[in-house]
Chemist: 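This is the structure I want to talk about, given as structure tokens.
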Amino acid sequence: EGISHEAFSLAGHLKLKKLIVIYDDNRITIEGSTSLACSDDVKRRFQGYRWTVLEADAHDFQSIDRAIKRAKRSKDRPTIILCHSHIAHGSPNKHDTASAHGEPLGEAEVSATKRALGLPESEQFYIPERVKELFAERRRFLERRTAAWSRMLKSRLESDPDFAMAWDCHMQQRLPQDLEKYLPAFDPAKPIATRAASGKVLQSLAAAIPQLVGGAADLAPSTKTLLEKFPSVGPGRYEGRNLHFGIREHAMAAVLNGMALHGGFRVYGSTFFVFSDYARPSIRLAAMMRLPVIYVFTHDSFYVGEDGPTHEPVEHLAALRCIPGLTTIRPADATETTAAWIAALRNTDGPTAILLTRQNVAVQDRSVLPPASSLERGAYTLWQTAEGDPEMILIASGSEIELALNSARQISSRCRVRVVSMPSWELFQKQPKEYRDSVLPPACSRRIVIEAASSFGWERYVGDRGCLLTLDHFGASAPCRVLAEKFGFTTQRVVELADKILSAR
């Protein structure tokens, strides 16, 4: 698989000497011999990755043991052990066959195999006494080692308060109680891209959370995810907090999963949003395993513009939103970006994706608008023309909030209009029905959804009397302002949609 080779390449570069890969080289796939599709030299390929390559007979315990002991002595390279094996070894009729890969041997062949191996046929699952003894002996050895290690840790924790505090911080994943005091403030008079705002937030978080580590798939200058005051991890240098994954989006996401499973770190990884496609299988596994990985996806819409349609995500928001257990957050401005990071760090029950703009967006004045911390409820009323139930609701996420607010002010002469910021469907769906109905009153069916992405899924919120200003085609190569005009993401277009809804009374 491609992900394996991304990871092999990175491991060789980093000189991960503790990594040992055991490769079952049985030359069989479900379709038949591996020669149907492969003729590469595995040994030379891994030598090219700067790995130590060893070989062993997979059916000879002593051969395997010697190879593993040698691999553990590696000074500066990961090791792969090519274990040459025969699938269905011992089976008289299935030995070295493709059918043994994907099918049970069958009752008759199991009996024949037991006879060939000298095992009693009368016992359905036979374990020789010597095997039981070996496993029991190994368990006793590991119990002694575990007890000794636990005593050592207890002694260290009791004698070294600084170490105890750091250990508790890392292993318990506790956030500082006064986290908000570390976070930057943003001037409403100075528009800023949410990726840039995220970078400023991340620098502050790194100072407050020592276990926070992460990096990018070759895009840190663009995703603004380099921790400026800390060194990078490199070959033989593992004390840093910046990880350079190279152009390996899938391996990056998989490595983050491994680090989250290991514990002790709070991890994040970043790339352009359109490249989330490459990382999706590992994102899916993070959701399945409920790992608190954070993904920072920038360049989040067709507003990427000059990068062209290949780099402009359209269907990607819908693709992430349909992954069970993944929380997707698309903050509207710098203040919501700060809140998005806090929400992501507080989410220890699964992964979080934060989607950020390349282009500058207005910073909303929270002295006159609700606090950005409302983001943690998924959606909230950002602005309304007057008291009372709304007669029309504009729902938007991300950079389109600015368009929604500008449009709502023009529509306000026609009806009582509300603007709802909806950065996260998942967080909103977790709220009590009473809260959801207070934000989106069922009685108000005149709704307009504004989002620079696919319309897929928005029908649950827009209803049958609403309108969608979304993008159900690929983007184009042009400056973002030109694209907004061409694609109808303008105040004029929103007002036209509002008039259409109102005239349908």
Side-chain angles (χ1 to χ4, degrees), residues 1 4 7-8 11 16-36 38 42-43 46 51-74 77-153 254 257-258 261-263 285 288-289:
E1 304 282 355
S4 301
F8 293 146
L16 302 183
K17 65 181 182 180
K18 292 186 177 182
L19 178 60
I20 301 173
V21 171
I22 297 176
Y23 172 44
D24 178 12
D25 183 15
N26 64 24
R27 303 169 301 285
I28 290 293
T29 71
I30 288 179
E31 293 185 352
S33 169
T34 54
S35 63
L36 288 169
C38 298
V42 175
K43 184 174 182 179
F46 276 87
W51 283 55
T52 297
V53 182
L54 304 177
E55 299 184 66
D57 180 347
H59 306 293
D60 182 341
F61 299 153
Q62 296 304 319
S63 175
I64 297 169
D65 190 47
R66 286 192 299 270
I68 292 175
K69 286 179 178 177
R70 184 178 169 188
K72 290 170 73 173
R73 293 196 295 268
S74 175
R77 290 189 175 204
T79 301
I80 185 168
I81 303 173
L82 309 182
C83 287
H84 304 299
S85 66
H86 299 277
I87 197 166
H89 185 54
S91 168
N93 302 303
K94 296 283 190 175
H95 184 86
D96 279 344
T97 64
S99 62
H101 189 295
E103 303 170 8
L105 290 178
E107 188 174 339
E109 189 64 16
V110 168
S111 295
T113 302
K114 286 181 176 180
R115 286 194 298 273
L117 295 175
L119 301 177
E121 294 182 54
S122 58
E123 295 189 40
Q124 187 173 7
F125 196 85
Y126 174 71
I127 304 175
E129 285 301 316
R130 178 55 182 153
V131 172
K132 294 180 181 179
E133 292 170 3
L134 284 170
F135 273 79
E137 181 182 336
R138 182 64 176 168
R139 174 171 180 161
R140 288 192 293 271
F141 170 76
L142 292 174
E143 285 175 340
R144 291 194 297 271
R145 286 194 63 179
T146 300
W149 187 88
S150 297
R151 289 194 298 271
M152 178 275 295
L153 176 63
N257 286 353
L261 285 165
H262 178 277
L285 280 175
M288 194 178 298
M289 294 185 283

Chemist: Take a 6.0 Å sphere around CD of Glu1 and say whether it holds more than 12 heavy atoms from other residues, nucleotides or ligands.
Modeler: no
Chemist: Can you measure from NE2 (His84) to CG (Asp60) and round to the nearest 0.5 angstrom?
Modeler: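 Going from NE2 on His84 over to CG on Asp60, the span is 12.5 Å.
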Chemist: How far does CD1 of Ile80 sit from CG of Leu54, to the nearest 0.5 angstrom?
Modeler: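 Nearest 0.5 Å value for the CD1-CG distance: 9.5 Å.
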Chemist: First locate atom CZ of Arg73, then atom OG1 of Thr79, and finally report the distance between them rounded to the nearest 0.5 Å.
Modeler: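 Atom-to-atom, Arg73:CZ and Thr79:OG1 are 10.5 Å apart.
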Chemist: Pick from Asp25, Asp24, Asp96: which one makes a side-chain hydrogen bond (donor to acceptor under 3.5 Å, both in side chains) with Ser85?
Modeler: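 Looking at Asp25, Asp24, Asp96, the match for Ser85 under the side-chain hydrogen bond (donor to acceptor under 3.5 Å, both in side chains) is Asp24.
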Chemist: Would you please classify the geometry between the Trp51 ring and the Phe8 ring as parallel, tilted or perpendicular, with 30° and 60° separating the classes?
Modeler: perpendicular
Chemist: Are more than 12 heavy atoms from other residues, nucleotides or ligands located less than 6.0 Å from atom CD of Glu31?
Modeler: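 Open.
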Chemist: Passes salt bridge (Lys or Arg N to Asp or Glu O under 4.0 Å), Glu143 versus Arg140? Steps please.
Modeler: CA-CA 5 Å; Glu143 285 175 340; Arg140 288 192 293 271; over 6 Å; no
Chemist: How long is the gap from OG1 on Thr52 to CG on Leu19, to the nearest 0.5 Å?
Modeler: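 Nearest 0.5 Å value for the OG1-CG distance: 11.0 Å.
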Chemist: List the steps and the verdict of side-chain contact (heavy atoms from CB on, under 4.5 Å) for Lys114 and Glu123.
Modeler: CA-CA 10 Å; Lys114 286 181 176 180; Glu123 295 189 40; 5.6 Å; no
Chemist: Determine whether more than 12 heavy atoms belonging to other residues, nucleotides or ligands lie under 6.0 Å from atom CD of Glu107.
Modeler: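 Counting other residues, nucleotides and ligands, CD of Glu107 stays at 12 neighbours or fewer.
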Chemist: Looking at Glu55 and Lys43, is any side-chain nitrogen of the basic one under 4.0 Å from a carboxylate oxygen of the acidic one?
Modeler: yes
Chemist: Using side-chain heavy atoms (C-beta onward) and a distance below 4.5 Å, is Thr113 in contact with Pro92?
Modeler: yes
Chemist: Taking NZ in Lys18 as the centre, count heavy atoms belonging to other residues, nucleotides or ligands within less than 6.0 Å. Is the count above 12?
Modeler: no
Chemist: Assess whether a salt bridge exists between Arg130 and Glu133, defined as any Lys/Arg side-chain N lying under 4.0 Å from an Asp/Glu carboxylate O.
Modeler: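 Yes, charged N to carboxylate O under 4.0 Å.
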Chemist: Take His95 and His89, measure what side-chain contact (heavy atoms from CB on, under 4.5 Å) needs, and give me the verdict at the end.
Modeler: CA-CA 5 Å; His95 184 86; His89 185 54; 3.4 Å; yes
Chemist: Out of curiosity, Ile64 CD1 to Asp57 CG, how far, rounded to the nearest 0.5 Å?
Modeler: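 Rounded to the nearest 0.5 Å, the CD1-CG separation comes out at 7.5 Å.
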